[in-house]
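Keep in mind the model is a prediction, meaning the values are calculated, not measured. Naming convention: chains lettered A, B, ... in sequence-line order (proteins, then strands); numbering from 1 in each chain.
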There are 4 protein chains.
Amino acid sequence: MTDARRGRPRSDQADRAILGAAADLLTSVGYERLSVEGIAARAGVAKQTIYRRWPSKAAVVAEAVLAAQSGVAIAPPADTGDLRADLQEWALQYGLWLADPVVSAMIRGLVAAAVDSQTNATRLYDHLADPIRTAILSRLTQEAERGTLRKNADLDALIDAILGTMLYRVLSSLTDAPKPDLGGLMNILVDGVRAQ
Amino acid sequence: MTDARRGRPRSDQADRAILGAAADLLTSVGYERLSVEGIAARAGVAKQTIYRRWPSKAAVVAEAVLAAQSGVAIAPPADTGDLRADLQEWALQYGLWLADPVVSAMIRGLVAAAVDSQTNATRLYDHLADPIRTAILSRLTQEAERGTLRKNADLDALIDAILGTMLYRVLSSLTDAPKPDLGGLMNILVDGVRAQ
Amino acid sequence: MTDARRGRPRSDQADRAILGAAADLLTSVGYERLSVEGIAARAGVAKQTIYRRWPSKAAVVAEAVLAAQSGVAIAPPADTGDLRADLQEWALQYGLWLADPVVSAMIRGLVAAAVDSQTNATRLYDHLADPIRTAILSRLTQEAERGTLRKNADLDALIDAILGTMLYRVLSSLTDAPKPDLGGLMNILVDGVRAQ
Amino acid sequence: MTDARRGRPRSDQADRAILGAAADLLTSVGYERLSVEGIAARAGVAKQTIYRRWPSKAAVVAEAVLAAQSGVAIAPPADTGDLRADLQEWALQYGLWLADPVVSAMIRGLVAAAVDSQTNATRLYDHLADPIRTAILSRLTQEAERGTLRKNADLDALIDAILGTMLYRVLSSLTDAPKPDLGGLMNILVDGVRAQ
DNA sequence: CTCTAAGCGAGACGGTACGTCCGGTCTTCTA
DNA sequence: TAGAAGACCGGACGTACCGTCTCGCTTAGAG
C-alpha cells in the first residue's frame, strides 16, 4: 500500500453536472453541434474540469448516455409459458422506450461517439447491447430447457436480429422511412426457432 | 435568347478528385477528423469548389460513399428454387463485402453523417438500404408466388431484420464483440416464414 | 518575374482597426491586462487575422505604438545660435509630450514589449530612439562646426544621457518619485561640452 | 495573553527556494514566460505557499531581484580628491556589473514588473535607484563642500542622467545598438558642474 | 499531552486567454 | 462564369496559468 489520495478530491457534483448537461444538449442540439465548451457552460464548470475526466467529446457523450440509461433496468421478457406473447409484450414495451425522442437522440449520439472510437464502441456494446442480450437469452434458455425450441437453433443470431432491428429503428428515426416492426419480427423469429 | 449555361462549366474532374479524396480520408482518418479543408488540400481544389457543390461535410461524405459504392450492384439472391440456399449464398457474398475494412469505414462514416441530419439519413436509407430491400424482396416475391411462404408472413419485417443485422455488424466491427452471424440468421428467418 | 499575388489581399482596414484597438487598450488597461482576444473584439476582427500579421501580443503592441507615434515628427532643436536656449526649448516641448498620460502609457507598453524580445527591442530603439538621436545630433553638429564645442566632446554620450533621462522619466511616471528635470540636465550638459 | 503568532510558522526555507527559483527562471526564460506555477514547480513548493507571501507574479519577481541584488552593496565612489577619476572608476565597476547577463536579465524583469504597477515601480525606484542616488550624492556633497562645484549645479539632474543612462544601457542590452558610454558621460557631467 | 491554529505539498476548481484549426463566405487574379 | 488561392469573421479546440479552495499532514504555542 503506497500513497493515500493527495490533494483535493474530484467533485462528484461536477461529474453529475457535466453528464447532465451533456445529456440535455445531446437531446436538444444533436451530436454534431454539441461542444465541450457548451457542456462546460451549461454545467457551470470549467472546460479543464471536463478534460480532467474524459479525453474527448465522444467519451463524455458515451458516459453521459450510459449514465442516463443506467437507471433503466432491462428486464427479461416475462415467462407466461407463451414465448410468442412474452416476446411481443417485451417488444412493445421497449419499442415504446426507443420511440421516445430523448432516448433515440441519446442512442444516436452514442452511435456517433462510437463510430470512430474502438473504446467507445466497446462501451456501447458492453453497456447497452449486452444487458438486452442477457435479458432475452435468459428467457430463451428457459424455453430451451422445456424442449420447445429446435435443438440446433442459433439463439445468438436471433438476438442479434432483434438488437440490429432495434438499432436500425433508432437510426432511421430521423427519416420518413417506415419503421421496422418489432412485433412482426418476433413472429417470424419465434416461428423460426420453435420445435416443430 | 440566353438561357443556356454561360461561363466556364463545372469541371467533373474536380468532382471526381473531391469525392475520391473524401473517400480516401474517410478510410484513413475517420469521420470525426475529416475536414472540408483536408479534402480540398488532398484533392488539389479550392474550398469554394467544394461548397459550390455540397452544403456541408456530411453531404460530401454521403455522396462520396454512395459514389464509391455505386460500382457495386446489389444483385438479388439467385433463384435456384432453394430459398434457404439462395439467401445463404447471398449473405455470404455481402458478408464478405461488409467485412472489407474500407467498406465498413465508409458505411460507418455515412452513419455518422446521417446521425444528425434528416437529409443525409434519407439519402443513406434511400441509396444504400433500398436497393438491398428491393433485391431481397424480389426473390421473396418469387417464392411467395409459388406458395411456399406463409400467407401472412411479414416480409418487410424479415428484410428489416437482415438490414438491421448487417448494420449492426458494420457498426460493431471496431469492437472485439463476436460478429452477428448472417448465415444463422437466414436459417431462422427462412424457417420462420416458410409454409408448414 | 514570377507569380503575381494570388488570393484575396490583406485588408488594410483590418490593419488599422487592430492597431487602433491595441493602442486604445494599452492606454486604458495597460500592457499586462491587454489580450489579443481583447484587441480582436474591440477591432471587430477575428483573432486569426491578428496572428496572420504578428506573432505575439508584444509585436502587435510594438507596431501599434510606433504607428501611433509615427505622426509625431521629431523636430531637431531650433538653431537661434544659443545652444543652451535651443536645447531648453526642445526639452520643454518634448517634456510636455512625454508627460501626456497617453504617450507615456504607450511608451511603457513598448518597453514592456521590448523587455523580452530582441526583435521588439530593436524596433523600439530604431524607430523611437534613433529619430531623437538624429534630431539632436544635427543641432550639435551645426554647433560643432562653429567651433563652439570642445574638440573631444563625446556627443553620443551626451545624447544617450538625454534619451536615458527621458526614458527614466517615462518609466518612473507611475511613482511619486520626483521627475528627472530635463532643463537642469541640459544646463549641465551644455556646460560640459562647451568650448572654454 | 495570546498575541504571539500561533500555528506553524512560515518556513524561510520555502522563502529562499521561491526567490531562488524566480531568479533562475527570470534569467533563463524571461519575464513574459515566467509563471507562478513554474516557480512553484521549480522550488518544490505549493502555489498557495507563494500566494501566502506575495500577491502577484510581479511582486515575487520584484522581491527576487532585490534579494538577489541585496548582496551587492552600492558603494559610493571613492574620494581621492579627483572627482573625474573617482566617477570614472565607479562607472567602470558598475558598468561591468550591469553588463553581466544575469544582472541585466533581472533588471529587465524588474522593469517589466514595474511597468504596469505603481507598487512595484515604487519598490524598484526605492530599492534599486535610491541607493545609487545616495551613493553618488554623498561623493558629490563632499566635493561641493570643498567648493569645487558650481554654486547652482543641479546635482539631482546629474544623478538622474547617470541613472537614466544606466537604465537605458540595460534595456538596450538585447539589441545590437552601441551601448551608452558611462565613461564619456562622466566626463561631460564633471565638466558641466565643475567650478570654472 | 492534548487542543487549536497556522503552514505545508498536492491537486481540483471556475475562469480567462492562449495559439490553432476549421466552417462557411468573400475577394482577387487567371483561364 | 469556374477555379485556385487565400484572407475574412466566427466558434470551438485542447492547453496553460490565474488565484482560490479543499484534502491530509506537519509543526508549533496555549491550555
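- Each of A:R16, A:K57, A:R123 was checked for a salt bridge (charged side-chain N to carboxylate O under 4.0 Å, His left out) with A:E63, and the lone residue meeting it is A:R123.
- Both C:S35 and A:R8 lie close to DNA chain E; mapped to their nearest nucleotides by heavy-atom distance, the more 5′-ward contact belongs to A:R8.
- As a whole-Å value, the separation of D:R6 CZ from F:dT26 C1' is 16 Å.
- Going from atom CD1 of A:I39 over to atom P of F:dG11 covers 18 Å, rounded to whole Å.
- Within a 6.0 Å radius of CZ in C:R52, more than 12 heavy atoms belonging to other residues, nucleotides or ligands are found.
- Taken to the nearest 0.5 Å, the CG atom of B:L66 stands 5.5 Å off from the CG atom of B:L128.
- Side-chain contact between A:W54 and A:L19: present, with at least one pair of heavy atoms (C-beta onward) separated by less than 4.5 Å.
- Between D:R33 and D:G7, the residue whose closest nucleotide on DNA chain F is further toward the 5' end is D:R33.
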Pairs of donor and acceptor atoms involving the side chains of residues 108-117 of chain B, under 3.5 Å and at least two apart or interchain, shall be tabulated with distances.
unit_1	atom_1	unit_2	atom_2	d
B:R108	NE	A:V115	O	3.1
B:R108	NH1	B:S104	OG	3.3
B:R108	NH1	B:S173	OG	3.1
B:D116	OD1	A:Y31	N	3.2
B:D116	OD2	A:Y31	N	3.1
B:D116	OD2	A:E32	N	2.4
B:S117	OG	B:T119	N	3.4
B:S117	OG	B:N120	N	2.9
B:S117	OG	B:N120	ND2	3.2

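- Interface residues of residues 40-63 of chain B facing DNA chain F, ordered by number: B:G44, B:V45, B:A46, B:T49, B:R52, B:R53; criterion, heavy-atom separation under 4.0 Å.
- The separation between D:E37 atom CD and E:dC13 atom P is 15 Å, rounded to whole Å.
- Considering only side-chain N and O atoms, D:R10 lies under 4.0 angstrom from the phosphate OP1 or OP2 of E:dG7.
- The end-to-end axis angle of the helix from E:dC1-F:dG31 to E:dA31-F:dT1, rounded to 10 degrees and based on five pairs per end, is 10°.
- Remark: A:S28 OG to A:R42 CZ distance equals 6.0 Å, nearest 0.5 Å.
- Between C:T175 and D:D126, the closest side-chain pair of non-hydrogen atoms is not below 4.5 Å.
- Remark: P of E:dC22 and CD of A:E32 are 14 Å apart, rounded to the nearest angstrom.
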Exercise for review: Go through A:R10 and A:R53 one step at a time and tell me if the side chain to side chain contact (heavy atoms under 4.5 Å, CB included) criterion holds.
Suggested key: CA-CA 9 Å; A:R10 301 242 173 115; A:R53 290 160 165 75; 3.7 Å; yes
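- Taking the nucleotide of DNA chain F with the nearest heavy atom to each of D:P9 and D:L34, the more 5' of the two is matched to D:L34.
- A:L124 has its side chain out of reach of A:V65: every pair of non-hydrogen atoms, C-beta onward, lies at least 4.5 Å apart.
- Here E:dA12 presents its P atom at 14 Å from CG of A:D12, a figure rounded to the nearest Å.
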